[in-house]
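Report on the following structure.
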2 protein chains.
Amino acid sequence: MTRWLEDEELRAWLKLAGVMLKLAPALDSQLQRDNDLTHFDYLCLAMLSESDDERTLPMSELAGRTNASLSRLSHVVSKLERRGWVQRCPSPRSRRVTLVRLTEDGWQVLVKAAPGHVETVRELVFDELGPEDVAALERIAGHIVERIEESRLRSTC
Amino acid sequence: MTRWLEDEELRAWLKLAGVMLKLAPALDSQLQRDNDLTHFDYLCLAMLSESDDERTLPMSELAGRTNASLSRLSHVVSKLERRGWVQRCPSPRSRRVTLVRLTEDGWQVLVKAAPGHVETVRELVFDELGPEDVAALERIAGHIVERIEESRLRSTC
DNA sequence: CAGGGAAAGTTGAAGCATCAAGTGTTGACT
DNA sequence: AGTCAACACTTGATGCTTCAACTTTCCCTG
């Protein structure tokens with residue numbers, strides 16, 4: 001008794017799949033070429049830079065803000081730490097959380113990479129998109145993200 | 001002289017990034033668990049099944065329809081061929097194209113996997129999305145995909 | 001028709017992501 | 001005070017993706 005997708009839905013779905021399959025590689029490719037960074041690397045640095053306290057966040061918090069699993073984040077933080085852009089340190093609050101801090105070098109890398117990345121995002125997404133489209137995009141994407149989170153909750157209970 | 005993103009744009013962008021980072025893994029996870037398939041594996045089988053002639057397509061055509069590089073596709077087709085779900089054969093038209101054909105076994109796998117996958121897509125994306133949202137999604141996603149393709153053209157010329 | 005360049009595909013290596021299993025830590029309940 | 005489940009990670013193995021290099025085949029242009 002499967003409810004198949006309507007024509008309209010199917011077309012929208014194929015386009016959305018196209019975005020998933022093409023946008024991430026496109027962003028990766030620009031950042032990799034110009035700054036030897038993954039889009040996910042960039043996100044980590046950016047989220048740390050925007051945290052209030054000393055550019056520092058607990059692993060789980062950073063995982064939440066970057067939409068990543070703790071495992072994925074741990075591997076990436078190790079890489080960034082090897083490059084000296086980030087530093088792990090114990091939390092004074094609890095011995096099971098480890099804090100990640102953006103170093104000065106990491107901040108410089110971010111400052112250097114940001115303009116090109118933002119330019120790419122503008123070019124691929126926002127240029128020629130009217131304000132009502134931006135609003136619709138935020139609404140729809142937000143809705144999808146919420147549904148995914150709800151569904152994860154349901155499956156782990 | 002970087003034109004940074006407006007507040008509205010930034011919020012929309014973070015949500016869209018969330019979709020990229022969460023939706024693909026969510027789809028992969030369901031298909032992997034229930035059918036030992038990647039979302040990209042599924043797309044390949046599905047695109048072959050919908051081709052007119054004998055469930056057969058040239059590699060490049062399939063790469064186009066699945067938004068993948070030829071290299072990525074080649075590796076995946078090798079895997080699917082090992083499992084007996086797909087078969088490579090030479091094209092009668094030209095000796096440099098290789099055709100990929102969906103086998104009966106591959107068709108059965110697709111038939112078995114489809115309901116669960118469609119159900120997941122409904123649950124994560126389309127349920128509770130009005131018709132005008134679906135239309136907006138198609139329009140916006142289509143726009144982004146176009147811009148990515150244009151930008152690839154520009155950079156290879 | 002000869003050569004050169006582009007197109008179609010394959011391959012191997014390197015880097016990423018995911019999964020499952022592990023360690024230590026904490027809070028809650030008895 | 002002791003136990004036990006849940007939390008916050010980390011690690012190593014496996015599989016997937018990308019990248020660069022390569023082969024074949026085709027087309028075009030002089």
Side-chain angles (χ1 to χ4, degrees), chain A residues 20-33 35-44 57-83 86 88-100 152-153 155-157, chain B residues 20-33 36-44 57-83 86-100 152-153 155-157:
Chain A
M20 284 196 302
L21 287 156
K22 289 195 126 111
L23 186 50
L27 296 170
D28 274 340
S29 153
Q30 179 270 323
L31 282 166
Q32 197 82 59
R33 176 166 45 79
N35 304 97
D36 193 25
L37 280 177
T38 305
H39 178 232
F40 183 69
D41 295 343
Y42 180 91
L43 257 186
C44 291
L57 285 175
M59 289 289 286
S60 343
E61 180 61 27
L62 184 53
R65 298 196 191 184
T66 56
N67 295 294
S69 71
L70 219 35
S71 168
R72 177 180 189 180
L73 183 63
S74 180
H75 284 294
V76 168
V77 165
S78 298
K79 182 183 73 174
L80 299 178
E81 204 174 19
R82 275 196 300 279
R83 299 186 182 177
V86 123
R88 272 186 245 240
C89 32
S91 161
R93 293 286 188 77
S94 159
R95 252 177 299 180
R96 62 180 160 176
V97 343
T98 79
L99 300 174
V100 192
R152 278 207 11 73
L153 282 186
S155 70
T156 48
C157 282
Chain B
M20 284 198 300
L21 287 157
K22 289 195 126 110
L23 185 51
L27 296 169
D28 275 339
S29 154
Q30 179 270 322
L31 282 165
Q32 198 82 59
R33 176 166 44 78
D36 193 25
L37 280 176
T38 306
H39 178 231
F40 183 69
D41 296 343
Y42 180 92
L43 257 186
C44 291
L57 286 175
M59 289 290 285
S60 343
E61 180 60 27
L62 184 53
R65 297 195 191 184
T66 56
N67 295 295
S69 71
L70 219 36
S71 167
R72 178 181 189 179
L73 182 63
S74 181
H75 283 293
V76 168
V77 165
S78 297
K79 182 184 74 173
L80 299 179
E81 205 174 18
R82 276 197 298 278
R83 299 186 181 177
V86 123
Q87 199 179 9
R88 273 187 246 239
C89 33
S91 162
R93 293 287 188 79
S94 158
R95 251 175 301 181
R96 63 181 159 174
V97 342
T98 80
L99 299 174
V100 193
R152 280 212 1 78
L153 282 185
S155 70
T156 48
C157 283

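Here the structure is a predicted model, which means the values were calculated and not measured. Numbered from 1 within each chain, the chains take letters A, B, ... in sequence-line order.
In terms of phosphate contacts, Ser94(B) brings no side-chain nitrogen or oxygen within less than 4.0 Å of OP1 or OP2 of dT25(D). Note on Arg96(B): every side-chain N or O is 4.0 Å or more away from OP1 and OP2 of dC27(D). Between Arg33(B) and the phosphate of dC19(C), there is no side-chain N or O to OP1/OP2 separation shorter than 4.0 Å. A close approach under 4.0 Å does occur between a side-chain nitrogen or oxygen of Lys79(B) and OP1 or OP2 of dC16(D).
Heavy atoms of Arg88(A) sit under 4.0 angstrom from primed sugar atoms or phosphate atoms, though from no base atom. Using a 4.0 Å heavy-atom distance criterion, Arg72(A) is classed as a base contact. Residue contacts for Thr98(B): at a heavy-atom cut-off of 4.0 Å it reaches the sugar-phosphate backbone alone, with no base atom in range.
Here the C1' atom of nucleotide dC9(D) and the CG atom of Leu57(A) are 16 Å apart, to the nearest Å. The distance from atom CG of Asp28(A) to atom P of dC16(C) is 9 Å, rounded to the nearest whole Å. To the nearest angstrom, C1' of dA20(C) lies 14 Å from CD of Gln32(B). Note: CG (Leu73(B)) to C1' (dT10(C)) measures 11 Å, nearest angstrom. With rounding to whole Å, Phe40(B) atom CZ is found 9 Å from dT18(D) atom P. Put simply, CD on Glu61(A) is 15 Å from C1' on dC7(D), counting in whole angstrom units. Distance, Arg93(A) CZ to dA8(D) C1': 16 Å, rounded to whole Å.
Side-chain N/O atoms of Ser71(A) and base N/O atoms of dC19(C) include a donor-acceptor pair closer than 3.5 Å. You'll find a donor-acceptor pair under 3.5 Å spanning the side chain of His75(A) and the base of dG12(D), going by distance alone. For dT11(C), the base has no donor-acceptor partner in the side chain of Ser74(B) [N/O atoms by modelled type, under 3.5 angstrom].
Put simply, OG1 on Thr66(A) and CG on Asp41(A) are 11.0 Å apart, with the number rounded to the nearest 0.5 Å. Atom-to-atom distance recorded for Ser74(B):OG and Glu81(B):CD is 9.5 Å, nearest 0.5 angstrom. For the atom pair SG of Cys44(B) and CG of Leu62(B), the computed distance is 5.0 Å after rounding to the nearest 0.5 Å.
Nearest-nucleotide positions on DNA chain C for Thr38(A) and Ser29(B) put Thr38(A) closer to the 5' end.
A donor atom on one side chain and an acceptor atom on the other are found under 3.5 Å apart for Arg88(B) and Ser78(B).
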